Amino acid sequence: MSEINLHEPEVLIREIRLGSITGFEGTAGELVSCAQSGKLTESTRSFSQCMGCSSSNAFCQLSMITDAVVINHAPVGCAGDAFTFNFVYRVGQMERNLEPSIGRYFSTNLEERDTVFGAVEKLAATVREVYERLHPNAIFITTSCASGIIGDDVEGTANELTEELGIPVVGCFCEGFKSKMWTTGFDSAYHSIVRKIVKPPVKKSNKVNIINFWGSHIFDELLEPLGYEAEYIVPFSTIKQLEHISEAVATIQVCPTLGTYIGAALEQVYGVPEIKSPPAYGIAGTDNWLREIGRVLDRREEIEALIIKEHARVIPQIEAYREKLRGKKAYVTAGSAHGHAIIALLRELEMEVQGAAIFHHDPIYDNSDPTSDALAHDVRTYGDIPNYNVCNKQAYELVNILNRIKPDLMIARHGGMTVWGAKLGIPSLLIGDEQFGFGYQGILNYAERILETLDSSEFVSNLARHSSMPYTKWWLEQNPFSFLGGNTHVDTY
Amino acid sequence: MSTLIEQPRYSCALGAQQTVVAIPRAVPILHSGPGCSIKISDLIGQGEAYAGGSTIPCTNSGEAEIVYGGEDRLRSVIDGAFQVIDADLYVVLTGCTSDIVGDDIERITADYQELGRPIVCAETGGFKSTNYASHEVVVNAIIDQYVHKFNPGGHVKRGLVNVFSSVPYQDTYWNGNLEEIKRVLEGLGLTVNILFGQLSEGVEEWKTIPDAQFNIVAGTWVGLGIADHLQEKYGTPYTHFPYLPIGGKETSAFLNQVIAFAEFTPAEKTKAEVFIAKEEGRFYSHIERTAAFMLEFRYGLPRRFYTILDANYSLGFSKFLLNELGILPERQYIVDNTPEEFREGIEKLFSEISEKRSTKVVFEVDGGKIQEEIRKDPKKNRALILGSGWERDLAKDIDADLLLISVPISYRLVLSCGYAGYNGGLRAIEDIYDHVLDTYR
Amino acid sequence: MGKKLTQIAIYGKGGIGKSTTTSNITAALSKAGYKVMQFGCDPKSDSTNTLRGGTYIPTVLDTLREKNVVKASDVIFEGFNGVYCVEAGGPAPGVGCAGRGIITAVQLFKQQKVFEDLDLDYVIYDVLGDVVCGGFAVPIREGIAEHVFTVSSADFMAIYAANNLFKGIQKYSNSGGALLGGVIANSINQPYSKDIIDDFVSQTKTQVIEYVPRSVTVTQSELQGKTTIEAFPDSAQAQVYSRLAEKIANHTVSKVPEPLDSQQLRDWAAKWADQLLAMETGEIKVNSASNL
């Protein structure tokens, strides 16, 4: 389905490449069957609230390559997220016992005259200045709405400077207006890495690429006994490490929403097999995933032994949690793959998932393999999920839904949304670490946190008594999807 | 040729979305790309407030709106906002996308204004300016397009003042600062329109702006554009105190300046002066109690300071640290991209920082460059840095104490803490020496 | 004070003769005793050349780029007979965004209240007719020009361009912006040219304000760096421009334009193509045209 093309500077946006959407209401089963029969169409909202854009997602991956620098070719406001990611970077340094350092992020600071006269010279001057100051091993240039609309030739400038300075100077095209899905930003960042940094393999290593955010290193204890080494990318890697990821023996996705592009690229271009099972959430999910690892890494026996051992350890504990959690109602809001993951976990614990508001849906990933469809896996394994809403945040829909459903628990896996549960007095949980729910242990981790959250309701019930509600009474009485509908207005296209 | 910025400490023109968020029950409507709002909130959005954060309506302009224009989309989002969000004032703000392709938002907003809807607009495409400058643009737009409709002026209310001081959210301590400024001005007997924050009455208060007897600008340059505009439009005179007053000496100077301008009766004047005397008395009794510590603590206390702040805070804190705590000024970096026309005045103020001293001031927006310079200074004695979260490593490297004043301030949770006024001065002393003492095992 | 300022915009496809026409109108109005400012909105920045002896003036945008802050008085230059000349300026070909440039330049003047201070009777915006983005339509927005005129010849491509322009103008006319005063028909030498353009304006419910023939006098003037009004004030061509200026000065009623849709335009053009063919083959007699 998706041909990786490393000659184009810009990666195709997800809407086109994968057919992804941001608007749907129905059940998860309906969504899956639409997606698999090629009948998925986008819906837009005539009223919307702010979201997030590709440039932040691209930046989050590029900003923690320890010996590279990022230049944002934009007005200074677009670098508003720089410190947020710097904070994450430094905490990650603490966790990995690295020396503290600040991320080196620069803005070309586009002003009015630059939008009129163009700003490639300013960009080039900035790149040279940055190189003089820091001598990094690579420089990434991220683009912005402003630089994109005026049409600055960033690729041409980057290529010239690569030759002049002798280090990769790479354009990452992630203008906010380009895609309706901010996750296209991940693809942009990975595309710039694969096309300009990764080198053809020289020899096979014993490394397994782990495409993740900046979560804990849970794969070491799995892979080391099997004779392999986990290579966590892209945050906290160096340019040199990235040059060699083509030599790995396999690629693991912690979150296919994140890594779909790079996993497929490494396989299509350099033959590094990608583990295509949905990530290991829930017992069945973990079993399947482990078995594929066993197959790809040629360690079938060891894996079977591990499965048996872990089942014996974990299943009785899960049973104990099920006793306490059975029938409790939960509502989920999260990004795509994580949303599917959390649904699996909740159903594994025999909780009732009353509905979900999931940010965007990819009907297929870049590896074109239908087995990677985690939502389909969830529906097959645990049954259909009603009230499955695909959205792009849109707090107004969420508040309306929560107000109607009043679940026992709200779980989120993306910032900005839990406050709405809390304001309505609903215990709300957001787990930051993406690896927290992975594998058999992950089920136990989540179960414990869920119990805690359900128990500690004092904060939210007190808050609910005193909180303000910026939504009109009228709105709270409407169908939450009143503004969702139809395809984009014909006049607009 | 490049004017690059490393370590941003302010936002773009669209950052004035936070100015609107700070007005009780007002909501901004963004006609911009999808990521602008959250990036702004990331840097200058601590404390989400009524309709801020994820609640902010936005057209999320995409390829279609760029190529074909975004006016229809804006109309659709405005219509939805009126139905879904319960607010008293809706402010349409534009981002880069709308301003470069030339969407006619004035026309669109006028259509709604003609129907009597409480909506105004301002062009705040990111590339146009910093949010310091656009704060004035947005306030003036609300005055011209909304306040003026309800109150064309002409009836001055004695003792009523409008205050223009901290830029909400850009100054993380804005709530505490505005609370204290309101408190001390009320202590003089004035009725204060503080305009932003929990102590403001929202749009009802804004409607009384034209009635002020006079306006007060307590800040270096942001706010002058508003005061000038109000003077032109309603004839309201104003008094300008050129920085944030911090601590006993400066707050009293500020209040005395206001008294002189206020045309009080002798009785009112006496009452006001009694208030000042009482506040000063309380303030200095605390200083007195702490003097022994300051002079006798055997281990190191900071003896020189750097500021990496906007003009308001830089001047305000420099005066305070030198005159009230005796810490000597090293070098001051002003990072708010101060417009040319104000720089000379600021340099002059720094050249008279105390009766016997002047200090060097540098206008610079590149944080990396500032830090490099400071690192090169010889390390003579313990230093204090007033800066932002970007300064953590710098402070550690030169063994300096760091007080977080400027954004990004991710290492502090700020609720009502403020550094303005008498209470702010005391708080500043506590916070500085908290840090210092905490470095000892 | 108390004088009423009239703002006019003149649009025309590149190369159609709009700057020539506009500069002559400006010069003629000035000779007639009015205080006029000509505001060039073409990134080539050559609108006011012939009012200034063939020289280019520093543009608003270039000045902004150098100095950060621009006072309007820095970028207003006096030309022939005391007319005021301003050039918005813009980026070099292939970079930046000219539309944004126009927005910036026009807004600057609007904010600084320049026109009242100079006690002007007329401000004439000379604007690139390829209105390819919002910025180029700024001069016809509400609060700026009241009347807009388009310059067109009788060539079909020019008419297509004028029709397209009407669509852009219509959008703004419908919401408080400038209304269409009419067409200035340029290079009208053949009798059939007049017929074509007359028919077009009748179809689109507007009018021709004046017919301006092609003339070597104009070429001679421009080579001297002057308008025809300045170089050859007594010539017949100068009379045409003076007449045109007078009509514009007395013009009051403008309308919302009614452009033809694609099918109508194709049909109209096809009809004229048949007619011209018939003329050529002698089916219809044609009086020979007289050049000036």
Side-chain angles (χ1 to χ4, degrees), chain A residues 46-53 55-56 75-84 87 100-102 104-112 114-115 121-122 125-126 129-130 133 144-146 149-150 176-178 180 182 393 395-396 416-417 419 468 470-472 474-475 483 488-489 491-493, chain B residues 1-6 8 10-15 27 30 33-40 42-43 48 50-51 53-66 68 72-73 76-77 79-81 83-87 95-97 100-101 126-128 130 368 389-390 393 408 410:
Chain A
S46 56
F47 169 67
S48 54
Q49 292 163 308
C50 62
M51 314 183 330
C53 78
S55 99
S56 286
V76 70
C78 294
D81 53 2
F83 195 81
T84 308
F87 193 94
S101 70
I102 54 173
R104 304 311 293 260
Y105 315 131
F106 296 81
S107 169
T108 53
N109 188 19
L110 293 183
E111 296 171 320
E112 183 145 37
D114 300 313
T115 63
E121 276 140 28
K122 197 176 197 190
T126 305
E129 170 81 38
V130 167
R133 279 195 205 181
S144 60
C145 294
I149 297 177
I150 64 179
F177 65 78
K178 276 270 167 67
K180 299 242 172 276
W182 55 77
K393 283 178 69 180
Y396 73 103
M417 310 305 266
V419 65
S468 60
Y471 295 103
T472 55
W474 173 88
W475 169 241
F483 290 93
T488 14
H489 196 283
D491 276 0
T492 313
Y493 281 108
Chain B
M1 195 234 164
S2 73
T3 55
L4 65 85
I5 292 181
E6 191 188 353
Y10 54 78
S11 182
C12 62
L14 187 56
V27 65
L30 265 50
C36 305
S37 185
I38 190 133
K39 288 190 187 213
I40 292 166
D42 268 358
L43 184 64
E48 205 176 273
Y50 182 68
S54 300
T55 311
I56 297 176
C58 177
T59 55
N60 298 323
S61 294
E63 198 90 66
E65 285 76 34
I66 305 290
Y68 298 100
D72 287 336
R73 177 112 188 100
S76 163
V77 171
D79 288 337
Q83 293 177 293
V84 171
I85 311 262
D86 180 14
C96 295
T97 57
I100 298 180
V101 307
F127 55 82
K128 291 185 91 155
T130 65
W390 291 113
D393 286 348
S410 309

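Side chains included, hydrogens not; waters and symmetry mates left out as well; all remaining heavy atoms used. Quick caveat, the model's predicted, so the values are computed rather than measured. The chains referred to below are lettered A, B, ... by the order of the sequence lines, with proteins before strands, and numbering in each begins at 1.
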Need one label for [X]: side chain, backbone, both or neither, based on atoms under 4.5 Å from any heavy atom in chain B.
| X | value |
| --- | --- |
| A:P75 | side chain |
| A:S107 | both |
| A:Y396 | side chain |
| A:R104 | both |
| A:F83 | both |
| A:T84 | side chain |
| A:I102 | both |
| A:K393 | side chain |

Side-chain contact test, heavy atoms from C-beta onward, threshold under 4.5 Å: evaluate it for [X] versus [Y] and give yes or no.
| X | Y | value |
| --- | --- | --- |
| B:P57 | A:F47 | yes |
| B:F127 | A:D114 | no |
| B:Q83 | A:W474 | yes |
| A:Q49 | B:T55 | yes |

Select one option (side chain, backbone, both, neither) describing which atoms of [X] are under 4.5 Å from chain A's heavy atoms.
| X | value |
| --- | --- |
| B:I85 | both |
| B:I40 | neither |
| B:S410 | both |
| B:T130 | neither |
| B:A81 | both |
| B:V101 | side chain |
| B:L14 | neither |

Exam field: side chain [X] to backbone [Y], donor-acceptor pair closer than 3.5 Å:
| X | Y | result |
| --- | --- | --- |
| B:K39 | A:C78 | yes |
| B:S11 | A:G77 | no |
| B:S76 | A:S46 | yes |

For chain A, which candidate among [options] shows the most heavy-atom pairs at distances under 4.5 Å?
| options | result |
| --- | --- |
| B:I5, B:T97, B:V84, B:L30 | B:V84 |
| B:C58, B:G33, B:G95, B:G15 | B:C58 |
| B:C12, B:P34, B:G62 | B:P34 |
| B:A51, B:A87, B:A13, B:G389 | B:G389 |

[X] and [Y]: which non-hydrogen atoms are nearest, and at how many Å?
| X | Y | result |
| --- | --- | --- |
| A:F106 | B:L4 | CD2-CD1, 3.8 Å |
| A:G52 | B:I38 | CA-CG2, 4.2 Å |
| A:Y105 | B:E6 | O-CG, 3.2 Å |
| B:Y50 | A:S468 | CD1-OG, 3.8 Å |
| B:L43 | A:G80 | CB-O, 3.6 Å |
| A:C50 | B:S54 | SG-CA, 4.2 Å |

Q. Based on non-hydrogen pairs under 4.5 Å, which of A:M51, A:K178, A:E111, A:M417 is most in contact with chain B?
A. A:M51

Q. How many angstroms lie between atom CG of A:L110 and atom NZ of B:K128, to the nearest 0.5 angstrom?
A. 15.5 Å

Q) Distance from A:F177 atom CZ to B:I66 atom CD1, nearest 0.5 Å? A) 5.0 Å

Q: Indicate whether the side chain of B:T3 and that of A:K122 have a donor and an acceptor atom separated by less than 3.5 Å.
A: yes

